[in-house]
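Take a look at the structure set out below.
The first residue in the sequence is number 1, and the count goes up from there.
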Amino acid sequence: KTKNRVALIGAGPSGLTSVKACLDEGLEPTCFESSDDIGGLWKFREVSEPNRASIYRSLTINISKEMMCYSDFPIPADYPNYMHHSKIQNYFRMYAEHFKLLQYVRFQTAVKHVRKRPDFTRSGQWELVTENKDGQEERHVFDAVICCSGHYTYPNLPLKDFPGIDTFEGKYFHSWDYKGHENMYGKRVVVVGIGNSGGDIAVESSRVAEQVYMSTRRGAWVMRQVSDNGLPLDMIYNTRFVHILFQLLPMRVLNWIGEGKLNAMYDHTMYALKPKHRYVVLILTMFK
Ligand SMILES: Cc1cc2nc3c(=O)[nH]c(=O)nc-3n(C[C@H](O)[C@H](O)[C@H](O)COP(=O)(O)OP(=O)(O)OC[C@H]3O[C@@H](n4cnc5c(N)ncnc54)[C@H](O)[C@@H]3O)c2cc1C
Ligand SMILES: NC(=O)c1ccc[n+]([C@@H]2O[C@H](COP(=O)([O-])OP(=O)(O)OC[C@H]3O[C@@H](n4cnc5c(N)ncnc54)[C@H](OP(=O)(O)O)[C@@H]3O)[C@@H](O)[C@H]2O)c1
Ligand SMILES: *[C@@H]1O[C@H](CO)[C@@H](O)[C@H](O)[C@H]1NC(C)=O
């Protein structure tokens, strides 16, 4: 018996490329997508929808186009290095159309359960239950399941860490609910957290707010996207030469070079941003 029917959950960037990989291997993919479109998180929606990841209107990707593109489908030459989310979504659409992937996607069909079949030890098969937009359930049997359902579906708003929040008279919300700065004109804003969302939202609200504060409990090494000579940072540092340097040079030296470069941009001590962790720990996890 050949194992060939594959269920994919989600038609975001991971799901789409997995459909293609299945086709390349002669397998029979069926991709279930709960929303009405491909692109996953990169499908922008004016209002955040429950059980779905959400992005803001100004979001641009943090990886340069040469680094992020599918290796068998270059990003159009006239697209910028760091693309707006609408361009990313266009690119995924071109990819799906070029490789004729859409015919394998069942839209508005959510996967509710995935279970091993009772005879799994012999057959290796899985049972899926899906639900369409009218609430109708359907059962399916597959030989394999690839889960591409995304990581950023649910916002984490740890209100227990904000004593007194219940009597706070201003507005508070998670970045999952942030679409743009239009409600921030003349307001006093505090952005909690210095991840990519916190950084973007603080900068963007500062254009219109009366005052913006950024709160971080442990600081961060702040990097730019553009590096020496105006080239994308990831292109300059993600090279074989730099990988060899990482093997040859002691951590101490790598940190000294890396932190030196970042401090030349903004002195992290002066800006009260300097974290306890060293810089290379971060780089190693990013460029591995
Ligand atoms: C604000 C923000 C900015 C980001 N920026 C970057 C960036 O610059 N660079 C980068 O590389 N990454 C970035 N990411 C990470 C992002 O997760 C990835 O870029 C990418 O979207 C992951 O693709 P995915 O296909 O795994 O998941 P997703 O894009 O999340 O897609 C998952 C899909 O699965 C569907 N789905 C989920 N559950 C079910 C179900 N039960 N049944 C059917 N369908 C289901 C969803 O509807 C969705 O279409 C960012 C994340 C956030 C939150
Ligand atoms: N393309 C882009 O430019 C872009 C834009 C947005 C997001 N993203 C991606 O999306 C993912 C999520 O990013 P994100 O910025 O939303 O989240 P994140 O990277 O997880 O950052 C969350 C921030 O909130 C802080 N925080 C969490 N709980 C806290 C608490 N209880 N009290 C105080 N501070 C708290 C964290 O501090 P600690 O570090 O101390 O925990 C951290 O600074 C990342 O992978 C990011 O790269 C990309
Ligand atoms: C870009 O975003 C991805 C996914 O959210 C994250 O894993 C990665 O660390 C980010 N890279 C940079 C350079 O910010």
Side-chain angles (χ1 to χ4, degrees), residues 1-45 48-55 61 63 65 67-76 83 85-155 176 288:
K1 183 187 157 321
T2 52
K3 273 188 169 267
N4 52 18
R5 296 197 63 228
V6 182
L8 296 108
I9 309 172
S14 312
L16 289 175
T17 199
S18 302
V19 171
K20 176 174 180 291
C22 287
L23 294 171
D24 289 349
E25 298 294 325
L27 304 165
E28 266 178 55
T30 306
C31 179
F32 298 103
E33 168 54 53
S34 62
S35 77
D36 57 1
D37 204 352
I38 59 161
L41 176 143
W42 296 98
K43 164 79 187 186
F44 176 75
R45 291 165 206 272
S48 309
E49 295 175 1
N51 303 319
R52 233 182 268 304
S54 155
I55 55 176
I61 200 152
I63 313 171
K65 67 175 191 178
M67 284 292 157
M68 73 149 275
C69 77
Y70 294 124
S71 52
D72 51 3
F73 195 69
I75 291 172
M83 299 180 285
H85 63 72
S86 53
K87 290 262 187 330
I88 310 265
Q89 179 67 351
N90 277 348
Y91 172 65
F92 292 145
R93 225 180 272 296
M94 289 187 261
Y95 179 81
E97 277 162 19
H98 179 79
F99 292 111
K100 303 189 171 50
L101 307 178
L102 292 179
Q103 56 186 303
Y104 302 97
V105 184
R106 287 186 54 185
F107 290 104
Q108 298 191 299
T109 310
V111 175
K112 289 282 163 198
H113 300 287
V114 180
R115 289 197 195 91
K116 288 176 178 170
R117 299 251 296 165
D119 64 356
F120 182 82
T121 43
R122 251 183 316 114
S123 69
Q125 287 184 322
W126 301 83
E127 184 179 281
L128 265 73
V129 178
T130 58
E131 188 184 270
N132 70 11
K133 66 174 193 307
D134 305 319
Q136 280 161 340
E137 291 201 345
E138 212 181 315
R139 274 166 208 284
H140 316 257
V141 175
F142 283 97
D143 299 303
V145 179
I146 305 180
C147 185
C148 307
S149 55
H151 287 130
Y152 297 107
T153 311
Y154 304 105
W176 184 86
K288 228 191 297 201

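Here the straight-line distance linking atom OG of Ser18 with atom CG of Asp24 works out to 11.0 Å at 0.5 Å rounding. Note: Met94 CE to Lys87 NZ = 9.5 Å, rounded to the nearest 0.5 Å. To the nearest 0.5 angstrom, Cys31 atom SG is 6.5 Å from Leu16 atom CG. Separation of atoms CG (Leu8) and CG (Leu101) is listed at 10.5 Å; rounding is to 0.5 Å. Going from atom NE2 of His85 over to atom CD1 of Ile61 covers 11.5 Å, rounded to the nearest 0.5 Å.
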> Passes side-chain contact (heavy atoms from CB on, under 4.5 Å), Tyr154 versus Asn51? Steps please.
Replying inline: CA-CA 7 Å; Tyr154 304 105; Asn51 303 319; 3.3 Å; yes

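Heavy-atom minimum distance, Leu41 versus Ile55: O-CD1, 3.4 Å. The two residues Cys69 and Tyr91 make their nearest non-hydrogen contact at CB-OH, 3.5 Å. Looking at every heavy atom in both residues, Cys22 comes nearest to Ile146 through SG-CD1, 4.1 Å. Minimum heavy-atom separation, Asn4 to Asp143: N-OD2, 3.2 Å. Counting all heavy atoms, side chain and backbone alike, Arg106 lies closest to Glu138 at NH2-OE1, 3.1 Å. Thr17 and Tyr95 make their closest contact through OG1-OH, 3.0 Å (heavy atoms, listed as atom of the first residue, atom of the second, distance).
Under the 4.0 Å criterion applied to side-chain N and carboxylate O atoms, Lys43 and Glu33 are not assigned as salt-bridge partners. Remark: Arg45 engages Asp36 in a salt bridge, criterion side-chain N to carboxylate O under 4.0 Å.
Here the side chains of Lys20 and Asp72 are in contact, with some heavy-atom distance below 4.5 Å. When side chains are defined from C-beta on, Trp42 counts as touching Pro13, because their heavy atoms get closer than 4.5 Å. Using a 4.5 Å heavy-atom cutoff, the side chains of Asp37 and Arg93 are in contact. Side-chain atoms of Glu49 and Ser35, non-hydrogen and from C-beta on, never get closer than 4.5 Å to each other. Side-chain atoms of Met68 and Ile88, non-hydrogen and from C-beta on, do get closer than 4.5 Å to each other. Contact check for Val19 versus Phe99: no side-chain heavy atoms found under the 4.5 Å cut-off.
Not one N or O on the side chain of Lys116 forms a donor-acceptor pair closer than 3.5 Å with the backbone of Thr121. Although no hydrogens or angles enter the test, the distance criterion places a donor-acceptor pair under 3.5 Å between the side chain of Asn132 and the main chain of Asp134. The backbone N or O of Trp176 sits nowhere less than 3.5 Å from a side-chain atom of Tyr152 that would complete a donor-acceptor pair. Here the side chain of Thr109 pairs a donor or acceptor atom with the backbone of Phe107 at under 3.5 angstrom. Put simply, the side chain of Gln89 gets close to the backbone of Ile38: a donor and an acceptor are under 3.5 Å apart.
Counting heavy-atom neighbours within 6.0 Å of Glu25 CD, excluding the residue itself, gives a total of 12 or less.
Remark: Arg5 qualifies as a cation-pi partner of Phe142 under the 6.0 Å distance and 45° angle criteria applied to the six-membered ring.
Between Tyr70 and Phe92, the ring planes are tilted. Angles from 30° to 60° get that label.
For the side chain to side chain donor-acceptor pair (under 3.5 Å) with Ser34, the qualifying choice from Glu131, Arg52, Lys133, Gln108 is Arg52, the only one to do so.
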